[in-house]
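Report on one structure; see the data block that follows.
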Number of protein chains: 2
Amino acid sequence: MKTTKIKVPEATVSRLSVYSRYLEQALEKGIVTVSSADIAKNVGVTPAQVRKDLAYFGEFGTRGVGYKVEELLKYIKKILGINTTWNVAIIGAGNLGTALCRYKGFQKRGFHIKGVFDKDANKIGQIMCNNIKVKHIENIPQEIKKNDITLAIIAVPASAAQEVVDILVKSGIKGIINFAPQTVNVPKGVFLRQVDLAAQLEVLTFNLNEEVLK
Amino acid sequence: MKTTKIKVPEATVSRLSVYSRYLEQALEKGIVTVSSADIAKNVGVTPAQVRKDLAYFGEFGTRGVGYKVEELLKYIKKILGINTTWNVAIIGAGNLGTALCRYKGFQKRGFHIKGVFDKDANKIGQIMCNNIKVKHIENIPQEIKKNDITLAIIAVPASAAQEVVDILVKSGIKGIINFAPQTVNVPKGVFLRQVDLAAQLEVLTFNLNEEVLK
DNA sequence: TAGATTGTTAATCGATTAACAATC
DNA sequence: TAGATTGTTAATCGATTAACAATC
């Protein structure tokens, strides 16, 4: 694999996920070869964008021909690191945590939920998904080691988010998705993504408001 | 209100949501005035960024002093269009749809779930949240009109996403959040946001992979 | 007044798009 | 070969940051 010298934009990485989903669908349909224009049309970007995104990582196509679907899919999965499976912990066994635990989309992409944690005594011991019992937050460090968990999803109230982040970081977690609507801090070397569901709706209402003003 | 001539970056809009959350917390704590540096420190951006973001919409501060928390919060909420409430439909009464229906974070920001729809006969008639009964997808057009619903959240399988989008658009929905991992098309004048949960994890695994290569 | 902090402009940085030579 | 499409460079566009005059 080519060692990347130039920094890859985060937007490029997100788009690679989208390309890979399209390629999976194309593969199912029995499509063998696609052009950057095909990919672009199906995912709503420009062909130049597709080629540029791929160019960060190497040369995967054939001039005059295009890309082999199966091959390109394999490459992108490797680039994204999803040629292997990953073990994931969910913190917070409320509605959202439960739903995420049962969400098929994670399994489908090789993410296996291996632990669900909460503080609430009523929830501990309950079975959430895949026969996983909710454990107390205290057990995070040992469970993460025992089950080789690398990623964590936070689905606790905003007020508890930073505390949970700190526990996770101390336990050696390297990547966190935070669903709590709360800015949190992680040390260098730990990757964080903030997913703010209400803020998503607010971008829509902003746009609707602007439309009215026009 | 100043009519915006210059296009506001989407990133600015998202940050306004984040600023407003911080301001709400500050208000609760009884903080009266904040500087751009205060906001910046708490949400993890630069003070210049905060001032630039606000400058798209007017002058809300006092030089040498800062911003009045309560006042700025009110302005931002008005800009985002969340000085009023919005009615929302959820399509898909599976795990994710159910969780989103019960999610407190929406209510807290003035988003009221007024309808939940599914195709599955077993789900129809079940009570999801706020005493809302799941209705068949066929009922979307009339329910949307009846309940004055403007926004919709799609939580159906990828294969059904475009079909649902088309129904929603035909019913007059103006803003859609799509949780299905599927690129969909909307006509001009309808706003769409794609929230791809697995892709979020994949950005993390990409980063972890890169770290290893270094 | 002196110190603080805004609002705004200009400079920088980064990402997207267009264009085209390379090449299948 | 001629047509098609990649990979890559240069041009454009847009967003962030730095700097500072305005002003409380």
Side-chain angles (χ1 to χ4, degrees), chain A residues 1-2 4-19 22-23 26 31-69 71-73 75-76 79 203 206-207 210, chain B residues 1-2 4-19 22-23 26 31-69 71-73 75-76 79 203 206-207 210:
Chain A
M1 195 184 288
K2 191 175 144 193
T4 20
K5 295 255 165 206
I6 295 157
K7 215 215 138 221
V8 179
E10 196 122 302
T12 290
V13 181
S14 293
R15 281 191 299 266
L16 288 181
S17 284
V18 178
Y19 302 163
Y22 163 69
L23 291 170
I31 297 169
V32 178
T33 308
V34 292
S35 66
S36 57
D38 292 331
I39 300 174
K41 211 183 108 220
N42 278 281
V43 308
V45 300
T46 64
Q49 179 82 269
V50 173
R51 297 201 298 277
K52 188 80 218 252
D53 284 340
L54 295 173
Y56 284 108
F57 304 100
E59 305 188 4
F60 306 111
T62 309
R63 288 162 199 237
V65 179
Y67 305 89
K68 283 190 184 167
V69 173
E71 202 181 288
L72 182 59
L73 178 58
Y75 278 124
I76 293 181
I79 291 163
V203 174
F206 170 83
N207 284 319
E210 281 239 309
Chain B
M1 196 185 288
K2 192 175 144 193
T4 19
K5 293 255 165 207
I6 295 157
K7 214 214 142 225
V8 179
E10 196 123 302
T12 290
V13 181
S14 294
R15 281 192 298 265
L16 288 181
S17 284
V18 177
Y19 301 163
Y22 162 68
L23 291 170
I31 297 169
V32 177
T33 307
V34 291
S35 66
S36 58
D38 292 331
I39 299 174
K41 211 181 110 223
N42 278 282
V43 308
V45 300
T46 63
Q49 179 83 269
V50 173
R51 295 201 299 276
K52 187 81 218 251
D53 284 339
L54 295 174
Y56 284 107
F57 304 100
E59 305 188 4
F60 306 112
T62 310
R63 289 162 198 235
V65 180
Y67 305 89
K68 283 190 186 166
V69 172
E71 201 181 289
L72 183 58
L73 178 59
Y75 278 124
I76 292 182
I79 292 164
V203 175
F206 170 83
N207 284 320
E210 280 237 311

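What you see below is based on every heavy atom in this structure, not just the backbone, and it leaves out hydrogens, waters and symmetry mates. Just so it is clear: chains get the letters A, B, ... in the order the sequence lines come, proteins before strands, and each one is counted from 1.
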### Message
With a 4.5 Å cut-off on side-chain heavy atoms, are A:Y56 and A:I79 touching?
### Response
no
Minimal non-hydrogen separation, [X] against [Y], with atom names:
X     : Y     : value
B:V43 : B:Y19 : CG2-CE2, 3.8 Å
B:F60 : B:L54 : CE1-O, 3.5 Å
A:V69 : A:I31 : CG2-O, 3.4 Å
A:P47 : A:A40 : N-CB, 3.5 Å

Grab the [atom1]-[atom2] distance between [X] and [N] for me, whole Å please.
X     : N     : atom1 : atom2 : result
B:Y67 : C:dA4 : OH    : C1'   : 13 Å
A:Y75 : D:dG7 : OH    : P     : 11 Å
B:E59 : C:dT8 : CD    : C1'   : 9 Å
A:E71 : D:dT6 : CD    : P     : 14 Å

5' to 3', nucleotides 11-21 of chain D under a 4.0 Å protein heavy-atom cut-off (B base, S sugar-phosphate only, - none) gives ----SSBBB--
All N/O donor-acceptor pairs, side-chain side in residues 10-18 of chain B, below 3.5 Å, sequence neighbours left out:
from: B:E10; atom 1: OE2; to: B:R193; atom 2: NH1; distance (Å): 2.6
from: B:T12; atom 1: OG1; to: B:R15; atom 2: NH2; distance (Å): 3.4
from: B:T12; atom 1: OG1; to: B:D53; atom 2: OD1; distance (Å): 2.8
from: B:R15; atom 1: NE; to: B:D53; atom 2: OD2; distance (Å): 2.7
from: B:R15; atom 1: NH2; to: B:Q49; atom 2: OE1; distance (Å): 2.9
from: B:R15; atom 1: NH2; to: B:D53; atom 2: OD1; distance (Å): 3.0
from: B:R15; atom 1: NH2; to: B:D53; atom 2: OD2; distance (Å): 3.4
from: B:S17; atom 1: OG; to: A:E202; atom 2: OE1; distance (Å): 2.6

| task | Test side-chain contact (heavy atoms from CB on, under 4.5 Å) on B:L23 and B:Y67 and set out the steps. | result | CA-CA 10 Å; B:L23 291 170; B:Y67 305 89; over 6 Å; no
[X]: which residues meet the side-chain contact (heavy atoms from CB on, under 4.5 Å) condition with it, sequence neighbours left out?
X     : result
B:V65 : B:T33, B:T62
A:D38 : A:Y22, A:V34, A:S35
B:E71 : B:K68, B:Y75

Note: contacts of residues 32-43 of chain B with DNA chain D (heavy atom, under 4.0 Å) are none
Parsed dot-bracket for DNA chain D after applying the Watson-Crick and G-U rules with both distances under 3.5 Å and | for other-strand partners is ..||||||||||||||||||||||
